[in-house]
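Encoded as structure tokens, the structure appears first; notes follow it.
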Amino acid sequence: MNLVLHHIGVVTRNIEETAAHYVRSFGYEPKTGIIHDPIQTAYVQFFSLPGGSVYLEFISPDGPQSKVTHAAEKGGGLNHLCY
């Protein structure tokens with residue numbers, strides 16, 4: 001079996017603010033707009049470095065009952081790795 005890392009999921013309270021920092025500081029580029037995922041009760045957006053093959057997925061709660069609200073309130077951070 002040949003596993004390949006597809007993306008790294010990072011919980012944040014605010015995708016726009018976090019994304020702006022990563023774009024400005026590290027050169028990440030948006031690969032999607034902000035997408036609502038009703039199954040995960042969250043908003044997500046994917047980024048990558050120019051020429052990179054691994055995506056960075058920012059995840060934020062879509063409301064107080066979101067599955068990621070607690071993680072965001074605790075400061076967010078690494079949520080998952082997707083292979």
Side-chain angles (χ1 to χ4, degrees):
M1 180 169 30
N2 185 17
L3 295 177
V4 177
L5 182 62
H6 181 266
H7 71 265
I8 300 166
V10 177
V11 172
T12 179
R13 290 181 187 160
N14 185 297
I15 290 176
E16 293 91 350
E17 289 177 9
T18 302
H21 171 72
Y22 275 74
V23 167
R24 186 176 53 253
S25 299
F26 307 114
Y28 276 85
E29 299 175 339
K31 296 300 176 183
T32 68
I34 296 176
I35 302 163
H36 182 240
D37 183 343
I39 293 171
Q40 296 301 320
T41 62
Y43 293 102
V44 300
Q45 187 174 17
F46 289 88
F47 290 79
S48 71
L49 290 170
S53 62
V54 176
Y55 295 93
L56 188 56
E57 176 191 30
F58 294 127
I59 309 157
S60 68
D62 69 355
Q65 301 302 317
S66 171
K67 296 174 185 177
V68 297
T69 294
H70 184 68
E73 288 173 349
K74 291 181 76 175
L78 178 64
N79 179 260
H80 66 273
L81 302 176
C82 183
Y83 288 88

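Keep in mind the model is a prediction, meaning the values are calculated, not measured.
The two residues Ile15 and Phe58 have their closest heavy-atom pair at CD1-O, 3.7 Å. Residues Gln45 and Thr32 share a closest heavy-atom pair of NE2-O, 2.8 Å. Listed here is the closest heavy atom pair of Gly27 and Pro50: O-CD, 3.4 Å. Across all their heavy atoms, Ala19 and Phe47 have their closest contact at CB-CZ, 3.3 Å. Closest heavy-atom contact between Arg13 and Glu73: NH2-O, 2.9 Å.
The neighbour count for Leu3 CG, taken as heavy atoms of other residues, nucleotides or ligands under 6.0 Å away, is above 12. Under a cut-off of 6.0 angstrom, the local environment of NE2 in His70 is sparse, with at most 12 non-hydrogen atoms contributed by other residues, nucleotides or ligands.
Taking hydrophobic clusters as Ile, Leu, Val, Met, Phe, Trp and Tyr residues chained together by side-chain heavy-atom distances below 4.5 Å, Tyr55 does not share a cluster with Leu5. Side-chain heavy atoms closer than 4.5 Å link hydrophobic residues (I, L, V, M, F, W, Y) into clusters, and following such links, possibly through other members, connects Leu78 to Val54. Using a 4.5 Å cut-off between side-chain heavy atoms of Ile, Leu, Val, Met, Phe, Trp and Tyr, with links allowed through other members, Val68 and Leu81 fall into different hydrophobic clusters. Cluster membership check: Val44 does not share its hydrophobic cluster with Val10, using side-chain heavy-atom separations under 4.5 Å among Ile, Leu, Val, Met, Phe, Trp and Tyr. Linking ILVMFWY residues whenever their side-chain heavy atoms come closer than 4.5 Å, directly or via other members, leaves Ile8 and Phe46 in distinct clusters.
Remark: aromatic rings of Tyr22 and Tyr28 are close, center separation under 6.0 Å.
Between the side chain of Lys67 and the backbone N or O of Ile39, at least one donor-acceptor pair lies under 3.5 Å. Side-chain atoms of Ser60 never come within 3.5 Å of backbone atoms of Asn14 as a donor-acceptor pair (strictly under, hydrogens ignored). Between the side chain of Thr69 and the main chain of Gly63, a donor-acceptor pair closer than 3.5 Å is present.
Of the inter-residue distances, the one linking Glu16 atom CD with Tyr43 atom OH reads 10.0 Å to the nearest 0.5 angstrom. Here the SG atom belonging to Cys82 is positioned 4.5 Å from the NE2 atom belonging to His7, to the nearest 0.5 angstrom.
You'll find the side chain of Gln40 stays beyond 4.5 Å of the side chain of Ile59, heavy atoms only. With contacts defined as side-chain heavy-atom distances shorter than 4.5 Å, the pair Val11/Lys74 does not qualify.
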